[in-house]
There are 2 protein chains.
Amino acid sequence: MSEPAIRTTILDIARALNVAAATVSRALNDHPAISNATREAVKEAAKRMNYQPNKIASSLRLGKSKIIGVIIPSAEINFFGSVIHGIEKVASKNDYNVLIYQSNELYELEKKAVQTFLRSRVDGVLASISKETINLGHYADLKGKNVPLVLFDRANDSLQVPAVVVNDYQGAFNATRHLIEQGCRRIAHIGGQQHVTNFNQRLRGYIDALNVHNIAVDDDLIVYGKVSIGSGRECMKGLLPRQPDAVFAVEDFTALGAMQTIKEAGLSIPGDVAIIGFANELFSEYLTPSLSTVNQQTVRMGEEAAGLFFEVLNKKVSSRVPPRKLILEPEIICRQSTALPANYRRP
Amino acid sequence: MSEPAIRTTILDIARALNVAAATVSRALNDHPAISNATREAVKEAAKRMNYQPNKIASSLRLGKSKIIGVIIPSAEINFFGSVIHGIEKVASKNDYNVLIYQSNELYELEKKAVQTFLRSRVDGVLASISKETINLGHYADLKGKNVPLVLFDRANDSLQVPAVVVNDYQGAFNATRHLIEQGCRRIAHIGGQQHVTNFNQRLRGYIDALNVHNIAVDDDLIVYGKVSIGSGRECMKGLLPRQPDAVFAVEDFTALGAMQTIKEAGLSIPGDVAIIGFANELFSEYLTPSLSTVNQQTVRMGEEAAGLFFEVLNKKVSSRVPPRKLILEPEIICRQSTALPANYRRP
DNA sequence: CTGTTAGCGCGTTCAT
DNA sequence: ATGAACGCGCTAACAG
């Protein structure tokens with residue numbers, strides 16, 4: 001008799017069973033104070049009437065949305081797609097949903113993202129700070145409203161929030177050391193914009209690795225580009241006359257551009273110039289020669305970021321301990337572009 | 001005096017100004033029946049008290065969430081990342097937010113995604129059907145609840161909903177024709193799972209192109225794989241003894257695997273075997289030789305899918321015209337892997 | 001164990 | 001032009 005309506009509510013079910021709406025609510029939520037009989041009856045009716053709980057009403061009542069807002073520069077970038085994958089996976093497991101917003105590396109859009117999420121009453125925000133962003137006031141707003149914030153990849157210590165980042169310094173250090181171990185001595189570096197912390201850390205790792213191994217840092221072997229294939233090509237053209245025997249590029253696209261220049265100059269990789277990148281972009285494995293690089297564990301980054309969020313969520317008594325900062329240790333992936341014979345010495 | 005609370009409500013503003021909550025609501029929403037004076041006063045107070053409208057309450061009241069649910073197999077796949085990019089861009093422009101759910105190509109998760117979105121009361125769902133999905137009942141549920149559904153990439157005509165897809169048939173036809181124009185005659189095809197419409201269409205395009213050009217279809221030159229690098233490698237091993245002079249692979253990863261096998265066999269590309277893929281994956285451009293392929297306009301696909309959603313949303317009187325199906329025409333990208341000299345004839 | 005009541009915050013009546 | 005009252009659907013508090 002109870003024809004399923006377009007939108008069944010607990011009241012519909014209550015009427016169909018001659019009970020109170022509260023009883024239906026209790027039954028559906030497995031409240032302890034409910035008889036087995038009615039609980040079963042209610043659940044049966046709910047299924048029969050094709051009931052779907054209205055999460056909006058529930059959220060309003062409970063004061064939490066079970067939604068995480070995620071701010072990324074762009075979903076088009078593989079790196080962030082992977083992170084999203086990790087975040088959504090963990091969120092889903094915890095019965096949370098993921099709302100995404102792209103900043104396009106723009107400060108204004110990032111501010112708008114935070115505002116939107118505030119209005120949507122998300123239970124937390126995971127974000128990767130846009131390259132353009134310098135003023136961090138909008139993120140501070142979140143703290144003011146008691147909305148947990150977790151940063152990933154592009155973090156900022158001054159915000160004093162949990163974060164999960166890659167150890168860029170160590171990755172760069174290890175990458176450079178790897179080149180040294182291969183017998184290279186004139187190791188060049190193509191860097192990125194130095195106001196981006198990640199890129200600056202990579203430069204530092206490179207310099208320290210040289211120092212530790214008693215190799216003089218030669219400023220002529222360090223150039224700065226704009227982190228793209230074209231920029232990598234140009235930078236490498238400037239470097240070739242200085243005859244480096246290896247290159248540590250700030251990331252894979254830059255490395256790819258550099259490789260193109262090296263090959264066009266008739267030099268062999270790694271025989272004449274070894275090269276290593278950073279990020280383990282999907283394509284790096286399939287280049288010729290395949291490109292050595294530094295793996296950043298992107299999916300894991302997403303998982304850990306979501307994990308940190310649930311951590312603060314579950315102990316809302318947030319003790320006054322400094323926020324956790326998770327540092328993922330990158331791993332060197334050695335491929336053909338640095339695979340020199342053992343104890344190889346250049347002519 | 002009015003210290004901004006953690007969560008300011010319209011009632012707080014109303015009290016601060018000695019007006020009714022309804023007045024505040026009207027002022028904030030630019031209702032016509034409101035005096036300029038009070039409207040300005042309310043807006044000023046709202047800003048001062050750092051008011052953020054509670055979208056949850058508003059959604060409950062209005063019966064719409066201004067949220068689009070998007071179901072994708074995985075955010076880790078570049079293709080879907082790009083589509084998400086397009087979707088979010090258009091959604092954002094229309095003051096809508098995007099909730100994402102990954103099916104991981106699993107039927108059960110896809111069902112759960114629909115259920116979650118139903119409970120979240122999203123205003124619409126954009127989805128790409130998982131490879132595993134055969135039963136489409138959960139999507140039909142959406143229609144039952146009057147939730148607009150738009151499919152992208154992986155569509156299904158039986159659902160009778162708007163969709164935006166790539167013209168796989170034409171892309172495959174053109175790719176095959178391209179190989180023919182390059183002088184190839186023994187053109188093999190490495191296909192995918194044939195229950196996936198897209199893959200089946202590509203097979204059909206391949207066959208028809210051969211027919212149109214009076215080249216006999218040779219069943220020995222058609223093999224089916226599982227759409228991966230490894231599968232591409234294996235399939236190509238089976239094909240080599242049959243001496244094809246070209247390969248049309250169902251997508252780029254398969255093509256990549258095939259290329260590896262060809263090169264390992266000491267054959268040259270495209271001299272001995274030309275090859276073309278499908279999808280224009282980021283890496284395809286950087287392979288050696290660079291891989292010819294078919295570009296699918298992924299970002300545009302997302303934009304168009306979102307566009308179709310807003311189209312049905314704005315004329316809810318959904319006239320009884322058949323749902324719109326947008327077919328994006330793919331474009332051949334000719335790179336080194338098929339770049340044979342003009343009028344080249346094989347030995 | 002179950003029913004009644006109330007309220008989350010907002011927007012839309014229907015008055016005035 | 002403004003206010004009072006109501007209800008969207010759900011759940012927690014209090015009775016019984």
Side-chain angles (χ1 to χ4, degrees), chain A residues 4-43 45-46 49-67 95 118-123 145-146, chain B residues 4-43 45-46 49-67 95 118-123 145-146:
Chain A
I6 300 277
R7 292 292 198 199
T8 310
T9 72
I10 54 170
L11 196 62
D12 295 325
I13 300 177
R15 278 197 276 255
L17 298 180
N18 270 319
V19 294
T23 303
V24 175
S25 172
R26 281 190 277 251
L28 291 174
N29 294 312
D30 289 318
H31 187 98
I34 194 89
S35 79
N36 272 329
T38 47
R39 188 180 44 218
E40 293 312 317
V42 167
K43 289 195 174 180
M49 300 171 75
N50 199 10
Y51 170 74
Q52 296 292 359
N54 186 330
K55 207 179 144 209
I56 296 185
S58 163
S59 294
L60 179 61
R61 180 63 237 256
L62 296 176
K64 53 195 197 117
S65 58
K66 292 232 172 191
I67 292 179
D95 199 22
L118 239 22
R119 296 179 173 196
S120 294
R121 298 296 193 264
V122 299
D123 291 347
K145 307 262 186 193
N146 274 330
Chain B
I6 300 279
R7 292 295 196 196
T8 309
T9 72
I10 55 169
L11 197 61
D12 295 327
I13 300 177
R15 277 196 276 255
L17 298 180
N18 270 319
V19 294
T23 303
V24 176
S25 173
R26 280 189 276 251
L28 291 174
N29 294 312
D30 289 319
H31 188 98
I34 195 86
S35 78
N36 271 329
T38 48
R39 188 180 45 217
E40 292 313 317
V42 167
K43 289 197 174 179
M49 300 171 74
N50 199 10
Y51 170 74
Q52 296 292 0
N54 186 330
K55 208 180 142 205
I56 297 185
S58 158
S59 295
L60 179 61
R61 178 63 238 258
L62 296 177
K64 54 198 196 113
S65 59
K66 292 231 171 191
I67 291 179
D95 200 22
L118 240 22
R119 296 179 172 196
S120 296
R121 299 295 194 263
V122 300
D123 291 346
K145 307 264 185 191
N146 273 332

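Quantities reported herein were computed from a predicted structural model and do not represent experimental measurements. The basis for the numbers below is simple: all heavy atoms, side chains too, and nothing from hydrogens, waters or symmetry mates. The sequence lines fix the lettering, A, B, ..., with proteins before strands; numbering per chain opens at 1.
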To the nearest 0.5 Å, what is the distance between [atom1] on [X] and [atom2] on [Y]?
X: A/Arg121; Y: A/Lys64; atom1: CZ; atom2: NZ; result: 16.0 Å
X: B/Asp123; Y: B/Ser59; atom1: CG; atom2: OG; result: 7.5 Å
X: B/Leu118; Y: A/Lys55; atom1: CG; atom2: NZ; result: 12.5 Å

The helix from C/dC1-D/dG16 to C/dT16-D/dA1: angle between terminal helix axes, five bp per end, to the nearest 10 degrees, reads 40°

Sorted by number, residues from residues 21-35 of chain B placing a heavy atom under 4.0 Å from DNA chain D are B/Ala22, B/Thr23, B/Arg26, B/Ala33, B/Ile34, B/Ser35

I need the residues from residues 51-61 of chain B with at least one non-hydrogen atom less than 4.0 Å from DNA chain D; give them sorted by number, or say none. B/Leu60, B/Arg61

Which pair of non-hydrogen atoms, one from [X] and one from [Y], has the smallest distance, and what is that distance?
X: B/Tyr51; Y: B/Ile10; value: OH-CG2, 3.4 Å
X: B/Lys66; Y: B/Asp95; value: CD-O, 3.5 Å
X: A/Ile13; Y: A/Ala45; value: CG2-CB, 4.1 Å

Rounded to whole Å, please give me the gap between [atom1] in [X] and [atom2] in [N].
X: A/Leu62; N: D/dA13; atom1: CG; atom2: P; answer: 11 Å
X: B/Leu11; N: D/dA5; atom1: CG; atom2: P; answer: 14 Å
X: B/Leu17; N: D/dA1; atom1: CG; atom2: P; answer: 18 Å
X: B/Ile13; N: D/dT2; atom1: CD1; atom2: P; answer: 16 Å

Quick one: label B/Asn18 by what it contacts on the DNA or RNA (base, sugar-phosphate, nothing), any heavy atom closer than 4.0 Å. sugar-phosphate

In residues 26-38 of chain A, what donor-acceptor pairs under 3.5 Å come from side-chain atoms, sequence neighbours left out?
from, atom 1, to, atom 2, distance (Å)
A/Asn29, ND2, A/Ser25, O, 3.0
A/Asn29, ND2, A/Ser25, OG, 3.4
A/Asp30, OD1, A/Lys43, NZ, 2.9
A/Asp30, OD2, A/Lys43, NZ, 3.4
A/Ser35, OG, A/Thr38, N, 3.2
A/Ser35, OG, A/Thr38, OG1, 2.8
A/Asn36, OD1, A/Arg39, NH2, 2.1
A/Thr38, OG1, A/Ser35, O, 3.1

Stepwise side-chain contact (heavy atoms from CB on, under 4.5 Å) check, A/Val42 with A/Leu17: CA-CA 8 Å; A/Val42 167; A/Leu17 298 180; 3.8 Å; yes

Mind checking which nucleotides bracket the chain B contacts on DNA chain C, 5' to 3', with an atom under 4.0 Å from a heavy atom?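 First and last nucleotides in contact are C/dG9 to C/dT13.
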
Please walk me through it: do B/Lys145 and A/Asn50 pass side-chain contact (heavy atoms from CB on, under 4.5 Å)? CA-CA 10 Å; B/Lys145 307 264 185 191; A/Asn50 199 10; 3.8 Å; yes

A/Ile56 vs B/Ser65, side-chain contact (heavy atoms from CB on, under 4.5 Å): CA-CA, chis, key distance, verdict: CA-CA 8 Å; A/Ile56 296 185; B/Ser65 59; 3.9 Å; yes

Partners passing side chain to side chain contact (heavy atoms under 4.5 Å, CB included) against B/Thr9 (at least two apart in sequence or in another chain):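 B/Thr9: side chain to side chain contact (heavy atoms under 4.5 Å, CB included) contacts with B/Leu11, B/Asp12.
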
